[in-house]
Amino acid sequence: MVDCLFCKIVAGQIPGAIVEQNDQIVAFRDITPQAPTHVLVVPRRHIGSLNDLTADDDGLVGEMVRTAAAIAARHGHAERGYRTVFNCNADAGQTVFHIHLHVLGGRHMAWPPG
Ligand code: 5GP
Ligand code: ZN
């Protein structure tokens with residue numbers, strides 16, 4: 001296993017506040033929430049960034065996005081709205097190099113992002 005924080009959370013070696021999981025993904029609360037709801041949806045398999053995705057991952061990415069929508073709905077954000085974000089590499093502010101889909105909801109969010 002690569003030395004990766006999110007691989008360790010997926011493996012249960014580091015605790016995470018898990019809100020949902022299945023054979024492909026694990027979703028857990030962000031340790032520094034930027035909104036009342038801030039959940040990270042991550043694949044169990046290590047993928048460093050969006051740049052590393054292949055066509056074989058299309059089903060996995062669909063699972064991540066649908067899981068994000070389900071989590072937002074379960075937290076009551078479907079009608080008012082919520083934001084999903086994949087940060088990729090330095091200019092976008094990616095800090096953990098195991099892809100993760102941020103699910104942010106429960107407050108108004110500005111556009112464009114900072
Ligand atoms: P990025 O900036 O790479 O898109 O997002 C990484 C996210 O991981 C950040 O929002 C950060 O707060 C979160 N994070 C960093 N370390 C941990 C941790 O140990 N546990 C959890 N649950 N989230 C973390
Ligand atoms: Zn990883």
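Please read these numbers as outputs of a predicted model, since none were measured by experiment. Values reported hereafter were calculated over all heavy atoms of this structure, with side chains retained and with hydrogens, waters and symmetry mates removed.
Hydrophobic cluster of Val10: the remaining members, joined at side-chain heavy-atom separations below 4.5 Å, are Leu5, Phe6, Ile9, Ile14, Ile18, Val26, Phe28, Leu40, Val42, Val96, listed by chain and number.
With Gln21 contributing its side chain and Val19 its backbone, the two residues share no donor-acceptor pair below 3.5 Å.
Residues satisfying the side-chain hydrogen bond (donor to acceptor under 3.5 Å, both in side chains) criterion with Glu63, sequence neighbours excluded, are Asn22, Arg66. The side-chain hydrogen bond (donor to acceptor under 3.5 Å, both in side chains) check on Arg45 picks up Asp57, with sequence neighbours excluded. For Val85, the side-chain contact (heavy atoms from CB on, under 4.5 Å) test picks out Arg83, Asn87, His102, Leu104, with sequence neighbours left out. Judged as a side-chain hydrogen bond (donor to acceptor under 3.5 Å, both in side chains), and not counting sequence neighbours, Asn51 has no contacts. For Gln24, the side-chain hydrogen bond (donor to acceptor under 3.5 Å, both in side chains) test picks out no residue, with sequence neighbours left out.
Identified under the salt bridge (Lys or Arg N to Asp or Glu O under 4.0 Å) test for residues 18-32, with sequence neighbours left out: Glu20-Arg74. Residue pairs satisfying the ring-ring contact (aromatic ring centres under 6.0 Å, His included) criterion with at least one member in residues 58-99, sequence neighbours excluded, are listed as follows: His46-His98.
Scanning both residues, Leu101 and Ala68, for their nearest heavy atoms gives CD2-CB, 3.7 Å. For the pair Met64 and Ile25, the tightest heavy-atom approach, listed with the atom from each and the gap, is CG-CG2, 3.8 Å. Residues Gly106 and Pro36 approach most closely at O-CG, 3.4 Å, considering heavy atoms.
Note that CD1 of Ile99 and CD1 of Ile47 are 4.0 Å apart. Values are rounded to the nearest 0.5 Å.
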